[in-house]
Amino acid sequence: MSFAKVKKFSRRHWRGRSLELEFLLGELERDGLLGGVDIERGRQAARRKSRQGHHPLVILAGLKAADRRHPGRVLSLEDLTAWLAAKCGLPYRHIDPLKLEVRKITGLNLPLAYLERFNIMPVRVADDVVVMATAEPFVEEWVKELTQVLQKRIERVIASPLDIHRYRHEFFALAESVRGASDGRTRSSQISDFEQLVTLGRAGKLDASDQHVVHIVDWLLQYAFDQRASDIHLEPRREAGNIRFRIDGILHQIYQVPLNVMTAVTSRIKVLGRMDVAEKRRPQDGRLKTLTPDGEEVELRLSTMPTTFGEKLVMRIFDPGALHKSFRELGFSDEELKTWREMVEQPHGIILVTGPTGSGKTTTLYSTLRHITRPELNVCTVEDPIEIVDPNLNQMQVQPAIGVTFASGVRTLLRQDPDIIMVGEIRDLETADIAVQASLTGHLVLSTLHTNDAASAVTRLLDLGVSDFLIQATLLGVTAQRLVRTLCPFCKVKSELDEHAWHLLTAPWEISPPDHFYRAVGCSECRRTGYLGRSAIFEMMRITPSLAGLLTASVNLEILRRQAVAEGMRPLRLSGAQAVAGGLTTPEEVFRVAPPPPELEKFKPARPASVLVTGKRVS
């Protein structure tokens, strides 16, 4: 929202005074943002909340008052803060925690009590300047004091009072814990004596039960949930340890801690995951359960790996709502859903889902099992590891150390009278052969492979040693998938059609372009990225009799792809083109996960592929 034309405050009468709600109500009414009814509601709210220490802007945002300048919109806290910045003639700053250089900010060693007293927070530190965020534009006495203490020029910006309070407390309290942990000053009894005995001395003077380490781990998990992270990476380096989050498929640097603190944090998490804390030379796997800020139980899969500078730990956070996602929420279009249902509702055969790690294969399979599981069916899985526990499934964990492999697991499941079997991954010939035998004896088998596209799954099975006639007899279809970030519905805007991008998405097929694209902008809802969540794009190859005839030991992938497209398979880029035309994502996101080949395919299908564009099928 632009407030370029608002009349600025007369600063002379307000210098040194905190903002007052009555004054702000009058100014909002004068600028035409609030009407009489909302003004009275604001006065009533002031009488109820002003004594509780609420900032006037927070009280005003709580009214959810209609913006008289923009019908249909309400005045949010961000809108009100931007308005205040314009009235004061100061820059507005949205505090993005992922872009803060936290070590530099907290390295100023400013007392938290001092920052809280003036309701300020540093948001950027450079060689000669410190940018300070404030929600009290008329209180300026701290500027001269900090200029003398820091020996740097102070620049003021206006930011949301809630953001200032939240991130000031989070990061400065975290910095205090990191300093305390690094010094090894105190111990905590929050874990058992046995655990303290196991971890004592493993991180120099610091152990995993230190109260500062406990606080750092608690903050790390809760902050990851708040930022919608799917993975947490703890990476030791030569000078310090990096903490990074993967959010919507992109890794973000979050924080750096001293190496001894990183070691203690890793040990603490290993204790919680019931892993061997003393073993640092071999990779380990573990699991732990905790609660989100909303009180929802969530499970994390832990994996450690020895590196040059210490143990690297990755925690994968499993979405507790993954089992409850509909096919629509996963990203299936009407045609793709129809094809997928036709495959998974067959009584027997093999269905493969392919794609790289982190492309959503497991979520697709779990959601599929949830939709096809009925009380009269016996659905069994063999996984490594069991990623999502579902009480309606019979799930078996692979444990190679005691001889329980995918192959032996499937062999066991065949003696359990199953109707549907899910194999976490086909990795070797033994597993592939048993899966084939299971499908030949009347079972529906779902599994995953790591291949780049649907057609390559056939050559992968042949490379493993599966006979071509068995593939012809059992393979029902292959689905390749990728995850693309979806545009934030709160801030995406229309943009002009990029004909070159559309050509790269759809070539060598000639498909009518949409009227326009949408582009990412960024707002408070999407953390200023312009994207909110992820959705899948698919490439579905259903095996028809004509395609089955091509599945020979000397299969030509180019001919197989061409025939599959001619029979209705839509390649990943065309699925992405449909998502772009529907305003779901951007061409850049599709190219990130499915880049166009250096030389576009030279063949043309017997009839051009079709795609739904703006509600119409275009051939």
Side-chain angles (χ1 to χ4, degrees), residues 181 191-210 213-214 216-217 220-221 224 229-246 251 256-290 299-318 356-358 362 381-389 395-409 423-428 430-431 448 450:
I191 61 175
S192 69
D193 292 337
F194 173 74
E195 289 172 336
Q196 292 190 46
L197 180 63
V198 169
T199 58
L200 189 60
R202 295 298 178 184
K205 295 182 179 180
L206 183 63
D207 66 54
S209 64
D210 187 285
V213 175
V214 171
I216 293 170
V217 172
L220 181 65
L221 296 178
S230 60
D231 300 86
I232 305 171
H233 292 244
L234 305 183
E235 303 168 327
R237 295 290 188 261
R238 184 183 299 277
E239 302 297 334
N242 290 337
I243 298 176
R244 299 200 288 172
F245 289 172
R246 187 177 295 279
L251 273 173
Q256 282 190 321
V257 296
L259 276 179
N260 66 327
V261 177
M262 174 72 76
T263 303
V265 168
T266 301
S267 296
R268 168 70 178 171
I269 295 170
K270 288 171 70 175
V271 168
L272 297 175
R274 296 186 177 131
M275 302 162 72
D276 186 350
V277 181
E279 180 56 73
K280 302 178 185 295
R281 299 168 300 171
R282 291 187 303 173
Q284 293 187 66
D285 294 311
R287 310 174 78 88
L288 68 86
K289 288 186 178 181
T290 186
E299 188 163 318
L300 294 87
R301 187 179 74 192
L302 315 179
S303 175
T304 65
M305 179 184 77
T307 70
T308 305
F309 303 111
E311 264 189 310
K312 180 180 187 296
L313 173 67
V314 174
M315 293 178 276
R316 169 155 291 188
I317 303 170
F318 292 114
T357 300
T362 300
T381 75
V382 53
E383 307 169 62
D384 183 23
I386 297 174
E387 298 191 353
I388 302 174
V389 176
Q395 298 170 277
M396 179 190 297
Q397 168 73 52
V398 167
Q399 301 183 66
I402 58 174
V404 180
T405 63
F406 276 117
S408 64
V423 183
E425 183 183 350
I426 294 179
R427 299 176 179 174
D428 51 44
E430 187 180 11
T431 305
T448 67
H450 289 284

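None of the values given here were measured: they were computed from a predicted structure.
- Going from atom NE2 of His233 over to atom CD1 of Ile243 covers 12.5 Å, rounded to the nearest 0.5 Å.
- Atoms CD1 and CZ, from Ile386 and Phe318 in turn, are 11.0 Å apart once rounded to the nearest 0.5 Å.
- Considering every non-hydrogen atom in both Gly358 and Arg316, the closest pair reads CA-NH2, 4.3 Å.
- Taking both residues in full, the closest heavy atoms of Pro306 and Pro283 are given as CD-N, 3.9 Å, listed atom of the first, atom of the second, then distance.
- Taken to the nearest 0.5 Å, the CD atom of Glu299 stands 4.0 Å off from the CZ atom of Arg287.
- The shortest distance between side-chain heavy atoms of Val265 and Ser267 does not fall below 4.5 Å.
- Shown here are the side chain to side chain donor-acceptor pair (under 3.5 Å) partners of Thr431, two or more places apart in sequence or in another chain: Asp428.
- Arg246 meets the side chain to side chain donor-acceptor pair (under 3.5 Å) test with no other residue; sequence neighbours excluded.
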Intermediate values then yes/no, side chain to side chain contact (heavy atoms under 4.5 Å, CB included), Ile269 and Leu288: CA-CA 9 Å; Ile269 295 170; Leu288 68 86; 4.1 Å; yes
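- You'll find the side chain of Asp276 reaches within 4.5 Å of the side chain of Gln284, heavy atoms only.
- For the residue pair Gln397 / Glu383, no side-chain donor-acceptor distance below 3.5 Å is found, with atom types taken as modelled.
- Listed here is the closest heavy atom pair of His450 and Thr357: CE1-OG1, 3.6 Å.
- Put simply, the side chain of Glu311 does not reach to within 4.5 Å of the side chain of Met305, judged on heavy atoms.
- For Glu430, the salt bridge (Lys or Arg N to Asp or Glu O under 4.0 Å) partners two or more places apart in sequence, or in a different chain, are Arg411.
- Considering CD of Gln399 and OG1 of Thr405, their distance stands at 11.5 Å, rounded to 0.5 Å.
- The two residues Ala224 and Ile317 have their closest heavy-atom pair at CB-CD1, 4.0 Å.
- Residues Ser408 and Gly403 share a closest heavy-atom pair of OG-O, 3.2 Å.
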In sequence, state the C-alpha distance, the side-chain angles, and the governing distance for Leu221 and Ile232, and then conclude on side chain to side chain contact (heavy atoms under 4.5 Å, CB included). CA-CA 9 Å; Leu221 296 178; Ile232 305 171; 4.1 Å; yes
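- Applying the side chain to side chain donor-acceptor pair (under 3.5 Å) criterion to Glu235, with sequence neighbours excluded, gives Arg244.
- Listed for the Gln256 side chain is no donor-acceptor partner under 3.5 Å among the backbone atoms of Pro258.
- No side-chain heavy atom of Ile426 sits less than 4.5 Å from a side-chain heavy atom of Phe406.
- The pair Asp384-Arg427 meets the salt-bridge criterion, since a charged nitrogen lies less than 4.0 angstrom from a carboxylate oxygen.
- Contact annotation: the side chain of Leu302 never approaches that of Asp285 to less than 4.5 Å [non-hydrogen atoms, C-beta and beyond].
- Nearest heavy-atom pair across Arg237 and Asn242 is CG-ND2, 3.7 Å.
- The side chain to side chain donor-acceptor pair (under 3.5 Å) check on Thr266 picks up nothing, with sequence neighbours excluded.
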Which is it for Leu220 and Met315 under the side chain to side chain contact (heavy atoms under 4.5 Å, CB included) test, yes or no, and what are the steps along the way? CA-CA 11 Å; Leu220 181 65; Met315 293 178 276; 4.0 Å; yes
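- For residues 301-310, the pairs satisfying side-chain hydrogen bond (donor to acceptor under 3.5 Å, both in side chains) are Arg301-Glu387, with sequence neighbours left out.
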What verdict does the side chain to side chain contact (heavy atoms under 4.5 Å, CB included) test give for Met396 and Thr381, after you've listed the backbone C-alpha separation in whole Å, the side-chain angles of each residue and the deciding distance to 0.1 Å? CA-CA 6 Å; Met396 179 190 297; Thr381 75; 5.9 Å; no
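- Counting heavy atoms from C-beta on, the side chains of Val217 and Leu272 come closer than 4.5 Å.
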